[in-house]
Amino acid sequence: MPELPEVETIRRQLEPLVRDAVIVAADSHWSDKFTPALDAVGSTITGIARRGKYLLFQLDDDHELVAHLGMTGSFHLETGNGSDPSCAAHGKHTRAVWAFDDGRHLVFDDTRRFGRLRVVPKGDYGDIATLHQMGPEPLDGDFTGASLHAAIVGRSRSIKTQLLSQRPVAGVGNIYADEALFLAGIDPRARRVGRERCDRLADSVKQVLATGIDNGGTTLRDYVNAEGDEGQNQHALLVYGRGGEPCTNCAEPLSTIVIDARTTTFCRRCQKR
DNA sequence: CCAGCAGCCTGAAAGC
DNA sequence: TGCTTTCAGGCTGCTG
């Protein structure tokens with residue numbers, strides 16, 4: 001499940017490969033989640049930005065191709081496929097293909113079809129609610145304990161649910177939320193988190209995301225980067241996916257519960273409500 | 001405005 | 001062995 005470190009890894013690999021590419025044709029799966037791929041035909045890619053878990057392909061006509069990978073989305077480049085960009089000519093789960101003027105194809109695969117594509121005027125995210133209301137980038141400096149506290153104070157949902165909402169901070173998903181809450185010593189069910197604990201949590205969020213990027217992302221099931229390789233951060237996880245195993249801090253068996261239909265693993269002794 | 005939740009998806013794994 | 005059920009979860013859109 002691509003979260004910020006996985007999306008950033010893909011962005012870094014892809015950007016130098018697609019810069020200045022001219023999109024001459026495209027094809028997509030029939031779902032209206034993917035048909036906007038065709039709106040990018042005729043444009044030149046000038047770079048790739050990222051906001052939270054969204055990839056933002058910059059187009060030369062003052063538009064952006066906004067891509068969300070959902071649960072199982074991945075991008076890769078293929079060479080030597082001629083000028084036919086049909087999805088059927090690629091993989092079973094190919095949802096979009098963009099043909100470049102040099103003969104290469106940018107391919108978007110997404111087994112479970114939770115991903116989404118849109119072409120919008122640059123910066124115009126009014127129709128993409130989560131992106132429109134996205135909180136600060138965690139590794140850019142605007143995200144602090146103070147900003148986190150300001151974003152959650154007065155709200156009644158659990159701290160984990162709020163992290164996943166993308167509003168207090170951009171790019172945190174289920175894996176890195178569990179990891180950050182463990183490092184900060186905060187129970188994921190906590191509904192009141194004061195300023196001091198927000199300081200610790202902000203630091204933990206930055207730490208787990210930066211480590212995730214350094215390790216090339218986390219591969220538990222489907223994630224592969226733009227070169228088709230798995231990440232290595234799964235070996236650095238302290239709680240996610242380790243229910244029943246001893247806490248690395250106190251040896252108490254880690255608990256697994258469900259919060260908002262998401263598997264949540266934490267230590268009942270080390271993490272406080 | 002906010003909280004809460006169903007629905008979207010497929011394939012692997014578990015259950016019978 | 002083979003069929004059925006369960007599980008994974010980010011985001012959207014609806015309801016109260």
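Throughout, protein chains are lettered first and strands after them, A, B, ... in sequence-line order, and every chain is numbered starting at 1. Reckoned from all heavy atoms, side chains included, excluding hydrogens, waters and symmetry mates.
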Reckon [X] has a side-chain N or O less than 4.0 Å from the OP1 or OP2 of [N]?
X: Thr111(A); N: dG11(B); result: no
X: Arg113(A); N: dT10(B); result: yes
X: Lys92(A); N: dG11(B); result: yes
X: Arg116(A); N: dC11(C); result: no
X: Tyr240(A); N: dG9(C); result: yes
X: His93(A); N: dC9(B); result: no
X: Gln166(A); N: dG10(C); result: no

Measure from [atom1] on [X] to [atom2] on [N] and round the result to the nearest Å.
X: Arg262(A); N: dA8(C); atom1: CZ; atom2: C1'; answer: 11 Å
X: Asp178(A); N: dG9(C); atom1: CG; atom2: P; answer: 9 Å
X: Ile152(A); N: dC2(B); atom1: CD1; atom2: C1'; answer: 16 Å
X: Ile128(A); N: dG10(C); atom1: CD1; atom2: P; answer: 18 Å
X: Lys160(A); N: dG4(B); atom1: NZ; atom2: C1'; answer: 17 Å
X: Gln133(A); N: dC11(C); atom1: CD; atom2: P; answer: 12 Å
X: Glu3(A); N: dC11(C); atom1: CD; atom2: C1'; answer: 13 Å
X: Ile257(A); N: dA8(C); atom1: CD1; atom2: P; answer: 13 Å

[X] has a side chain; which of [options] sits nearest to it?
X: His68(A); options: dA3(B), dC11(C), dG9(C); value: dC11(C)
X: Tyr54(A); options: dG9(C), dA3(B), dT12(C); value: dT12(C)
X: Arg155(A); options: dT10(B), dG9(C), dC2(B); value: dC2(B)

**Q.** Ring geometry between Phe75(A) and Phe108(A) (parallel below 30°, tilted from 30 to 60°, perpendicular above 60°)
**A.** tilted
Result for salt bridge (Lys or Arg N to Asp or Glu O under 4.0 Å) between Arg118(A) and one of Asp32(A), Asp127(A), Asp124(A) points to Asp127(A)
Exercise. Would you say the side-chain atoms of Gln166(A) pair up with the backbone N or O of Gly135(A), donor to acceptor, closer than 3.5 Å?
Worked result: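 Not a single qualifying donor-acceptor pair exists.
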Practice prompt. Check whether any side-chain N or O of Lys33(A) sits under 3.5 Å from a backbone N or O of Trp30(A) as a donor-acceptor pair, and report yes or no.
Written response: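 Flag not set: sc Lys33(A) to bb Trp30(A) has no pair under 3.5 Å.
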Please work out if Thr72(A) contacts a base, only the sugar-phosphate, or nothing of the nucleic acid, heavy-atom cut-off 4.0 Å.
nothing
- [ ] Classify the nucleic acid contact of Thr263(A) as base, sugar-phosphate or nothing, counting any heavy atom under 4.0 Å across all strands shown.
- [x] sugar-phosphate
Take Leu131(A) and Met71(A), find for each the nucleotide of DNA chain C with the closest heavy atom, and name the residue whose nucleotide sits nearer the 5' end.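 It is Met71(A) whose nearest nucleotide is closer to the 5' end.
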- Message: Judged by each residue's nearest nucleotide on DNA chain C, which is more toward the 5′ side, Asp127(A) or Ala261(A)?
- Response: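 Result of the comparison: Ala261(A).
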Checking N1-N3 plus N6-O4 or O6-N4 for Watson-Crick, or N1-O2 and O6-N3 for wobble, each under 3.5 Å, the partner of dT1(C) is none
Ranking Lys33(A) and Gly154(A) by the position along DNA chain B of their nearest nucleotide, the one closer to 5' is Gly154(A)
Salt-bridge contact Lys53(A)-Glu3(A) (side-chain N to carboxylate O under 4.0 Å):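 Here Lys53(A) does not pair with Glu3(A) in a salt bridge, since their nearest N and O are not under 4.0 Å apart.
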**Q.** Hydrophobic cluster identity match, Met134(A) and Ile128(A), side-chain contacts under 4.5 Å
**A.** yes
Worksheet item: Between the base of dA8(C) and the side chain of Arg112(A), is there a donor-acceptor distance below 3.5 Å?
Response: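 Under the 3.5 Å cut-off, the side chain and the base do form a donor-acceptor pair.
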